[in-house]
Amino acid sequence: MVIRSVVLWVHVLCGVMWVGTCASFLLAASAMTAESDEWREFALRAAPRINRINVVPALVVPMTGAGNLFSAALMRRTPFPPAFMGIVALKVVLFFFMGVMLAASFAAERSMRESFAESAEGGTAAARRLVRLYGTIATLGTIALGLGLWLAGT
Ligand code: HEM
């Protein structure tokens, strides 16, 4: 029972962390003048950290998600209702796309660093791509968080 709660909490916290890092980037970036020196410096400093931090939830969420599924199966006396399995499947799909977006964020970060090293304007397109990627991750993650809470009630 304690292990089940710990796994569930780690799962939720990792989900919140993933959404939170991306949302914080967007919030901070939106407070700066777009494409200014400050904005560029911020993107160059924050994006590598955010990407590396987000590897943790990308690894832990599926493992703890599988743990949640396993422990929920053990606790139930009846088979999972179809709605439960449908929501889990949707969460897996959302997670898959969040992982793809994270991989794309690493590529965009690398391209941003290389382009900014050549010229101040060069990396702007890649930095804008990062903003879009983080926005998509935050949106998908928020939906997954909502579905998780819905799951807890089924
Ligand atoms: C491989 C992907 C995932 C799987 C297999 C999975 C699986 C599960 C399962 C089975 C539960 C229900 C536990 C229970 O009712 O006992 C759960 C709950 C939850 N999940 Fe996921 N999940 C995945 C991805 C995510 C993602 C990406 C997020 C958020 C970004 C997330 C957030 C949550 C939340 C908030 C709960 C509700 C916890 C509660 O209050 O009881 N999950 N997950």
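Residue numbers run from 1 in the order of the sequence given. As the structure lists them, so they are numbered: ligands from 1, and atoms in each ligand from 1. In this text, all values refer to a predicted model and were calculated from it rather than measured experimentally.
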Candidates Ser105, Ser111, Cys22 - the one meeting side-chain contact (heavy atoms from CB on, under 4.5 Å) with Leu130: Ser105
Atom 35 (C) of ligand 1: nearest protein contact (heavy atom, Å): Leu145 O, 3.6 Å
Ligand 1 atoms in contact with Leu69 (distance to a heavy atom under 4.0 Å): 10 (C)
Ligand 1 atoms in contact with Asn68 (distance to a heavy atom under 4.0 Å): 8 (C), 9 (C), 10 (C), 11 (C), 13 (C), 17 (C), 43 (N)
Path from Phe70 to Val7 over hydrophobic side-chain contacts below 4.5 Å: no
For ligand 1, the portion of His11 having any non-hydrogen atom under 4.0 Å away: side chain
Identity and separation of the nearest protein heavy atom to atom 2 (C) of ligand 1: Phe95 CB, 3.8 Å
Close-contact set for ligand 1 against Leu149 heavy atoms, below 4.0 Å: 37 (C), 40 (O)
SB check Glu109 Arg129 (cutoff 4.0 Å): no
No-hydrogen, no-angle side-chain donor-acceptor test under 3.5 Å, Tyr134 and Asn54: no
Donor-acceptor contact present, side-chain Arg52 to main-chain Pro48, <3.5 Å: yes
Per-residue contact class, Leu147 against ligand 1 - non-hydrogen pairs under 4.0 Å: neither
Nearest protein heavy atom with distance in Å, relative to atom 16 (O) of ligand 1: Arg4 NH2, 2.9 Å
Evaluation steps, side-chain contact (heavy atoms from CB on, under 4.5 Å), between Ile137 and Val19: CA-CA 7 Å; Ile137 293 176; Val19 172; over 6 Å; no
CG on Leu90 to CG on Leu151, rounded to 0.5 Å: 10.5 Å
Numbered atoms and elements of ligand 1 in range of Val61, under 4.0 angstrom, heavy atoms: 24 (C), 25 (C), 26 (C), 27 (C)
Row check, Phe25 ring normal vs Arg49 NZ/CZ: under 6.0 Å, within 45°: no
Distance from atom 4 (C) of ligand 1 to nearest protein heavy atom, with residue and atom: Gly65 CA, 3.7 Å
Identity and distance of the protein heavy atom lying nearest atom 38 (C) of ligand 1: Val12 CG2, 3.5 Å
Nearest non-hydrogen protein atom, atom 37 (C) of ligand 1: Gly148 O, 3.1 Å
Protein contact to atom 25 (C) of ligand 1 [nearest heavy atom, distance to 0.1 Å]: Lys91 NZ, 3.4 Å
Closest protein heavy atom (residue, atom, distance) for atom 15 (O) of ligand 1: Ala152 CA, 3.9 Å
Considering all heavy atoms, the nearest Met32-Phe42 contact: CE-CG, 3.6 Å
